[in-house]
Amino acid sequence: MNKKSFFTQQVLIWYSDHQRNLPWRSTRDPYTIWLSEIILQQTRVAQGLPYFMRFIKKFPSVYDLAKASEKKVLKEWEGLGYYTRARNLHRCAKRVVSKYNGRFPDTYNELITLPGIGSYTAAAIASISFNECVPVVDGNVNRVLCRVFGIHDEIQSSTGKKRIYALAEKLIDCRQPAAFNQAIMEFGALHCTPKAPRCSDCTLAKICVANKEQLQEWLPVKKKKAPVRKRFFTYFMIKDGRRWAMQQRKGNDIWKGLYEPYLIETKQQKTVSELIKKDTFLKVLNPDPNVKPSPVYHHLLSHQKLTIRFVELAIKRKPGKDFKMPGIIKFYSKSALESLPKAIIVHRFIKEHVAT
DNA sequence: TACACGTGGTG
DNA sequence: TCACCAAGTGT
């Protein structure tokens, strides 16, 4: 038996013996598969699982998801990160209902045209739900194939991606594409792990280049990441009576679509009185000059390090007569405030510090 | 093509 | 501690 056939056979055997029992494994329903795949993009099963359960319960069908508001969908997504996924999830549901009468298209080529569905997710849905023989290439597949077949190209590079995809196309068992695709991913997730792969207990060890040459630590080859950008956020929790000012984030930046208090961002840490003095809007509010900020929170994103403080500010002068609130700011009661989708760090602060 | 996009777990 | 990672996509 040649090396490729052996690989395919062993991965499928390994999967039948070791696969986890996960809720989306007991169905081929494309809505369920699609939802699980979107949630699991760049996300561990343990982290995504509770979100999947809540989404299925709250939005049992693509119609339920399509008719919900974007705010509701974002709220359900709160804390999972990569919020564009949630907005595209919602757009995709609406598209499936409006353009496909509520039935997901059943081919890779049509699936990939939908928002939030790229090459990986299109292949996953096409193979798992519709038995189309297209290989998935995710982080697990990259790792497993680069190690076993000794691929030294950078996996982000054009040649690396082509080489890995071409290899996956040769390996996939077209009699059972759903099983093969899930098998190779599960094998990467549980056995051929990034750190400390279980080579001593691996049926592929005898054909694995990385095992033979002790290259597990070096494969797959990845390019180094850029250093993280540092940003300083000061949030002003503006309170007018029993209502709080919030605004929605727009533009091309983190947390797009989520809500937050009035924000002043600086390139370095400044004192609160400095910020107030310079800010035309806050100056008009005539705040207590001795307001003290919360201790700083450090929040790490993949490419940014945020230093965040919160300042609680009660409005002394009513807006309307002498001044107006900036257009994007609106006031929310306690319960309305809590129902807004927020970044996790903002959510936590508000939950802990906002009483009635 | 390279980079931006979240959060939490891991060694 | 902190760099790296986790079922990628959009621009």
Side-chain angles (χ1 to χ4, degrees), chain A residues 15 19-20 22-25 32-52 74 77-89 91-92 111-125 127-128 135-144 154-162 165 168 178 181-190 192-197 217-218 220-229 231 249 251-258 297-306 308 341-348:
Chain A
Y15 185 60
Q19 64 173 291
R20 288 168 289 185
L22 298 168
W24 49 84
R25 291 254 166 90
T32 308
I33 301 300
W34 164 70
L35 181 58
S36 72
E37 293 298 344
I38 302 297
I39 287 176
L40 265 29
Q41 286 170 8
Q42 297 289 282
T43 303
R44 283 189 165 78
V45 167
Q47 193 184 357
L49 186 53
Y51 285 85
F52 172 83
L74 278 171
W77 197 271
E78 186 180 72
L80 239 197
Y82 285 135
Y83 296 95
T84 296
R85 282 187 296 170
R87 295 185 300 111
N88 281 336
L89 182 85
R91 289 209 297 143
C92 183
L111 286 163
I112 202 170
T113 67
L114 292 167
I117 298 185
S119 55
Y120 164 78
T121 306
I125 300 170
S127 62
I128 297 171
V136 294
V137 178
D138 72 335
N140 292 307
V141 175
N142 278 325
R143 185 171 55 257
V144 171
E154 278 185 354
I155 59 175
Q156 301 95 329
S157 71
S158 179
T159 53
K161 283 192 275 197
K162 281 180 195 161
Y165 189 83
N181 279 339
Q182 293 179 90
I184 186 170
M185 289 192 285
E186 189 81 332
F187 180 72
L190 299 182
C192 190
T193 47
K195 307 279 181 178
E217 194 183 337
W218 303 99
V221 178
K222 295 186 178 184
K223 210 172 52 176
K224 285 257 196 293
K225 288 176 191 165
V228 303
R229 176 159 70 119
R231 305 172 75 178
R249 287 184 73 87
N252 276 67
D253 199 355
I254 58 170
W255 303 336
K256 184 177 175 184
L258 303 191
Y297 296 80
H298 293 291
H299 191 67
L300 272 29
L301 286 62
S302 15
H303 290 73
Q304 305 183 18
K305 179 181 160 107
L306 308 182
I308 302 178
K342 299 174 281 289
I344 195 69
I345 188 85
V346 175
H347 174 84
R348 284 192 190 137

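Not measured: the values here are computed from a predicted model. Letters A, B, ... mirror the listed sequences (proteins, then strands); counts begin at 1.
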How would you label the contact of [X] with the nucleic acid (heavy atoms, under 4.0 Å): base, sugar-phosphate, or nothing?
{"X": "A:Arg231", "value": "nothing"}
{"X": "A:Lys222", "value": "sugar-phosphate"}
{"X": "A:Trp24", "value": "base"}
{"X": "A:Gln304", "value": "sugar-phosphate"}
{"X": "A:Ser36", "value": "nothing"}
{"X": "A:Arg143", "value": "sugar-phosphate"}
{"X": "A:Arg249", "value": "nothing"}

Check: Sequence neighbours excluded, which residues qualify as ring pair (Phe, Tyr, Trp, His ring centres under 6.0 Å) partners of A:Phe52?
Finding: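 Once residues adjacent in sequence are excluded, the partners of A:Phe52 under the ring pair (Phe, Tyr, Trp, His ring centres under 6.0 Å) criterion are A:Trp24.
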Notebook entry, point to check: Under 3.5 Å, side chain of A:Arg229 to main-chain N/O of A:His303, donor-acceptor pair present?
Noted result: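 Answer holds: no.
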Checklist line | Check: A:Arg87 side chain, A:Gly257 main-chain N or O, donor-acceptor pair, under 3.5 Å | finding: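 No; zero donor-acceptor contacts below 3.5 Å.
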Specify the separation, in whole Å, of atom [atom1] of [X] and atom [atom2] of [N].
{"X": "A:Arg229", "N": "B:dA2", "atom1": "CZ", "atom2": "C1'", "answer": "16 Å"}
{"X": "A:Tyr165", "N": "C:dG8", "atom1": "OH", "atom2": "P", "answer": "16 Å"}
{"X": "A:Ile125", "N": "C:dA7", "atom1": "CD1", "atom2": "C1'", "answer": "12 Å"}
{"X": "A:Lys305", "N": "B:dA4", "atom1": "NZ", "atom2": "P", "answer": "18 Å"}
{"X": "A:Asn142", "N": "C:dC5", "atom1": "CG", "atom2": "C1'", "answer": "13 Å"}
{"X": "A:Lys225", "N": "B:dA4", "atom1": "NZ", "atom2": "P", "answer": "12 Å"}
{"X": "A:Leu89", "N": "C:dG8", "atom1": "CG", "atom2": "C1'", "answer": "14 Å"}
{"X": "A:Glu217", "N": "C:dA3", "atom1": "CD", "atom2": "C1'", "answer": "13 Å"}

On the nucleotide [N], are OP1 or OP2 found under 4.0 Å from the side-chain N or O atoms that [X] carries?
{"X": "A:Ser158", "N": "B:dT1", "value": "yes"}
{"X": "A:Gln156", "N": "B:dT1", "value": "no"}
{"X": "A:Ser157", "N": "B:dT1", "value": "no"}

Using the test side-chain contact (heavy atoms from CB on, under 4.5 Å), find all partners of [X] that sit at least two apart in sequence or belong to another chain.
{"X": "A:Gln42", "value": "A:Tyr82"}
{"X": "A:Ser158", "value": "A:Lys162"}
{"X": "A:Ile344", "value": "A:His299, A:Arg348"}

Check: Where each residue is assigned the nucleotide of DNA chain C containing its nearest heavy atom, which of A:Thr193 and A:Pro115 is assigned the position nearer the 5′ end?
Finding: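 This one resolves to A:Thr193.
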Next item on the list: Kindly give the heavy-atom pair with the smallest separation between A:Glu78 and A:Lys342, and that separation in Å.
Entry: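 Heavy atoms of A:Glu78 and A:Lys342 come nearest at OE2-N, 2.7 Å.
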Note to self: Please report the distance separating the P of C:dC4 from the corresponding atom of B:dC3, rounded so that it comes out in whole Å.
What the structure shows: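 Nearest-Å result for C:dC4 against B:dC3 at atom P: 15 Å.
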Next item on the list: Take atom P in B:dC5 and the same atom in C:dA7, then report the distance between them in whole Å.
Entry: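 That atom pair is separated by 22 Å.
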Next item on the list: Any chance you could list the contact pattern along nucleotides 6-11 of chain B? Use B for base contacts, S for sugar-phosphate-only contacts and - for none, protein heavy atoms under 4.0 Å, 5' to 3'.
Entry: BBB---
Under 3.5 Å, side-chain donor or acceptor atoms of residues 112-120 of chain A against the rest of the protein: list the pairs with distances, not counting sequence neighbours.
| residue | atom | partner | partner atom | Å |
| --- | --- | --- | --- | --- |
| A:Thr113 | OG1 | A:Glu110 | O | 2.6 |
| A:Tyr120 | OH | A:Glu37 | OE1 | 2.7 |

